[in-house]
Amino acid sequence: MSDTRHTKVLIIGSGPAGYTAGVYASRAMLEPILVQGIEPGGQLTTTTEVENYPGFTEVQGPDLMIKMQEHAQAMGCEIIGDIITSLDTTQRPFVAKGDSGKTYTADAVILATGARAKWLGLESEDKFKGFGVSACATCDGFFYRGQEIVVIGGGNTAVEEALFLTNFASKVTLVHRRDELRAEKILQDRLMKNEKIETLWFHELEEVYGSDSPLGVEGIKVKHTTTGEIRDIPAKGVFVAIGHAPASELVADVLETHNGGYIKVTPGTTETSIPGIFAAGDLTDHKYRQAVTSAGMGCMAALDAERFLATQE
Ligand SMILES: Cc1cc2nc3c(=O)[nH]c(=O)nc-3n(C[C@H](O)[C@H](O)[C@H](O)COP(=O)(O)OP(=O)(O)OC[C@H]3O[C@@H](n4cnc5c(N)ncnc54)[C@H](O)[C@@H]3O)c2cc1C
């Protein structure tokens, strides 16, 4: 097989945005190629139950992503296991290089490379990820109804997550390593007024502990940043809320970005600052970061790409 493949639409990324774009672009007879990247299926493959994707009362994240892949394939999307290492947007067709040595040329490109939650990097944090440790209150807060929860962080995300989690939790402890928050003042006011939230200043997460069988969190150990004193906080859920990083490295130098590297699109569309390049999902979205919103944007990107290609003919 040739080392260069041409396609009308190249989809980069295999999360909900990428696969949905694959379904729509295939049904528009655009014969798309989708390159999966290092994490086939995207972020949802790192979680367990998903209870908020319409049509599924409860589904395991990896199972949902296999269904999405099968759906895109069944519609005719070609799915390739490769990682795009560079994208040249200065020439038409656009030229993407794969880690495999393959070159992909494309009349339109849909970027759906997602985002990553930032983690602290503790071994125990990793052990309980998806089993009591989360980075998404919207996704997982519901699992902790009537229980004690801790939130780690001091920025807008942490305060928003803490406030949201009071809808479910009996108590939320916000652990922050300084004595003041970086969050906007209005959020800080809401936090201080909320009787369910206790803020623990000058502490950082030392360890998450819990049971091995079944795997589940029972609490955390936090360390005072100046005295080094260790303190124990019982909790069933630990939300690490220290920010997200969009996977925009491929195009951060050539496309307009905002809010810390998220790809900027014309509101109400998936059009980026370069005609013919579209962006969908968490890569463009610092606000909602959900599977269903990403899938919605994947649909929009395929429809936008189809209309763009029609104007080029
Ligand atoms: C632990 C966890 C639990 C979650 N739970 C829920 C939930 O219950 N409900 C919900 O709605 N949302 C949940 N989310 C959020 C949801 O997973 C994301 O909003 C969604 O996956 C974003 O989809 P996406 O398609 O934009 O990108 P992602 O899912 O982030 O996928 C990005 C894709 O891009 C690929 N990629 C990256 N770089 C390259 C490259 N250079 N070349 C080729 N491919 C590349 C990756 O391999 C990956 O396939 C959760 C997230 C996490 C981390």
Side-chain angles (χ1 to χ4, degrees), residues 10-23 33-66 68-69 72 79-87 96-100 102 104 109-119 125-126 128-143 237-241 243-252 262-263 265 270 278-302:
L10 176 67
I11 301 166
I12 307 178
S14 58
Y19 284 144
T20 307
V23 169
I33 288 180
L34 182 152
V35 177
Q36 287 182 305
I38 201 160
E39 188 174 60
Q43 292 172 63
L44 279 189
T45 61
T46 66
T47 191
T48 49
E49 290 93 9
V50 175
E51 292 190 342
N52 54 11
Y53 198 82
F56 297 89
T57 315
E58 187 190 312
V59 60
Q60 295 292 305
D63 294 343
L64 178 60
M65 296 319 299
I66 286 170
M68 284 197 203
Q69 174 174 345
I79 294 176
I80 298 182
D82 200 354
I83 299 166
I84 300 300
T85 52
S86 69
L87 177 65
K97 301 265 185 209
D99 189 49
S100 63
K102 277 204 175 68
Y104 306 88
V109 173
I110 295 175
L111 298 164
T113 49
R116 289 284 158 279
K118 291 184 189 159
W119 296 98
E125 170 193 61
D126 203 40
F128 290 104
K129 262 184 209 165
F131 296 91
V133 172
S134 171
C136 177
T138 315
C139 313
D140 297 330
F142 192 69
F143 297 125
V238 179
F239 287 79
V240 179
H244 282 78
S248 53
E249 312 79 41
L250 273 180
V251 286
Y262 288 85
I263 300 297
V265 291
T270 59
F278 304 89
D282 280 13
L283 174 68
T284 71
D285 172 21
H286 67 286
K287 192 170 174 192
Y288 301 105
R289 294 193 296 254
Q290 294 295 291
V292 68
T293 47
S294 298
M297 284 185 259
C299 154
M300 290 164 65

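Counting starts at 1 for both ligands and their atoms, in listed order. All values reported here derive from a predicted model rather than from experimental measurement.
- Neither the backbone nor the side chain of S134 has a heavy atom within less than 4.0 Å of ligand 1.
- D282 and S294 get closest at one heavy-atom pair: OD1-OG, 3.2 Å.
- Residue-to-ligand polar distances place N52 within reach of ligand 1: an N/O pair is separated by less than 3.5 Å.
- In terms of protein heavy-atom proximity, atom 42 (N) of ligand 1 is nearest to I84 N, 3.0 Å.
- The nearest protein atom to atom 15 (C) of ligand 1, hydrogens excluded, is given as R289 O, 3.6 Å; this is a heavy-atom distance.
- The backbone N or O of Q60 lies less than 3.5 Å from no partner atom in the side chain of T48, so there is not a single donor-acceptor pair.
- Between E51 atom CD and F143 atom CZ the span is 4.0 Å, to the nearest 0.5 Å.
- For the residues A280, G298, C139, A117, the heavy atom positioned nearest atom 4 (C) of ligand 1 is part of C139.
- Residue-to-ligand polar distances keep P40 apart from ligand 1: every N/O pair is separated by 3.5 Å or more.
- Taking every non-hydrogen atom of R116 and a distance limit under 4.0 Å, the qualifying atoms of ligand 1 come out as 30 (O).
- Between P16 and ligand 1, at least one N/O pair is under 3.5 Å apart.
- Numbered from 1 in the order shown, with element, the atoms of ligand 1 that lie under 4.0 Å from a heavy atom of Q290 read 9 (N), 10 (C), 11 (O), 12 (N), 19 (O).
- At most 12 non-hydrogen atoms from other residues, nucleotides or ligands lie less than 6.0 angstrom from OH of Y288.
- Here the closest non-hydrogen pair linking Q36 and S14 is O-OG, 2.9 Å.
- The closest donor-acceptor contact from the side chain of T284 to the backbone of G281 lies under 3.5 Å.
- Between the side chain of T113 and the main chain of A247, a donor-acceptor pair closer than 3.5 Å is present.
- Contact between A135 and ligand 1 is absent, with no heavy atom of the residue lying under 4.0 Å from the ligand.
- Atoms of ligand 1 found under 4.0 Å from any heavy atom of G13, numbered from 1 in the order shown, are 33 (C), 34 (O), 35 (C), 44 (N).
- For the pair L283 and ligand 1, the shortest N or O to N or O distance does not fall below 3.5 Å.
- The minimum heavy-atom distance linking L87 with A96 is given by the pair CD1-CB, 3.9 Å.
- Contacts between S14 and ligand 1 below 4.0 angstrom, taking non-hydrogen atoms only, involve backbone and side chain alike.
- Between S100 and D82, the closest heavy-atom pair is OG-OD2, 2.6 Å.
- Within the listing of ligand 1, atoms 4 (C), 5 (N), 6 (C), 13 (C), 14 (N), 17 (O), 50 (C) sit less than 4.0 angstrom from a heavy atom of L44.
- Not a single N or O atom of D82, backbone or side chain, sits closer than 3.5 Å to an N or O atom of ligand 1.
- Applying the 4.0 Å criterion to heavy atoms of V35 picks out, from ligand 1, the atoms 43 (C), 44 (N).
- Near A112, meaning under 4.0 Å from any of its heavy atoms, are these atoms of ligand 1: 32 (C), 33 (C), 34 (O).
- Which parts of ligand 1 touch G281 is read off a 4.0 Å heavy-atom cut-off, strictly below it: atoms 26 (O).
- For C136, the closest heavy-atom approach to ligand 1 does not fall below 4.0 Å.
- Listed for the T46 side chain is a donor-acceptor partner under 3.5 Å among the backbone atoms of Q43.
- Remark: ligand 1 atoms within the under-4.0 Å shell around heavy atoms of T46 are 1 (C), 53 (C).
- Note that OH of Y53 and CE of M65 are 8.0 Å apart. Values are rounded to the nearest 0.5 Å.
- K129 does not count as a contact of ligand 1, since none of its heavy atoms falls under 4.0 Å from the ligand.
- Note: L64 CG to T45 OG1 = 11.0 Å, rounded to the nearest 0.5 Å.
- A side-chain contact (heavy atoms from CB on, under 4.5 Å) with V251 is found for exactly one of I12, V109, I263, namely I263.
- Ranking the protein heavy atoms by distance from atom 39 (C) of ligand 1 puts T113 CG2, 3.6 Å first.
- When only interatomic distances are considered, the shortest N/O to N/O separation between E39 and ligand 1 falls below 3.5 Å.
- T85 and D99 share no side-chain donor-acceptor pair at under 3.5 Å.
- Ranking the protein heavy atoms by distance from atom 25 (O) of ligand 1 puts A17 N, 2.9 Å first.
- Protein heavy atom at the shortest distance from atom 45 (C) of ligand 1 is G37 CA, 3.6 Å.
- In this comparison of E51, M297, Q36, Q43, the heavy atom closest to atom 51 (C) of ligand 1 sits on Q43.
- Counting protein heavy atoms only, atom 2 (C) of ligand 1 is closest to T47 CB, 3.9 Å.
- Closest protein heavy atom to atom 18 (C) of ligand 1: D282 OD2, 3.3 Å.
- When only non-hydrogen protein atoms are considered, atom 12 (N) of ligand 1 lies nearest to A291 N, 3.4 Å.
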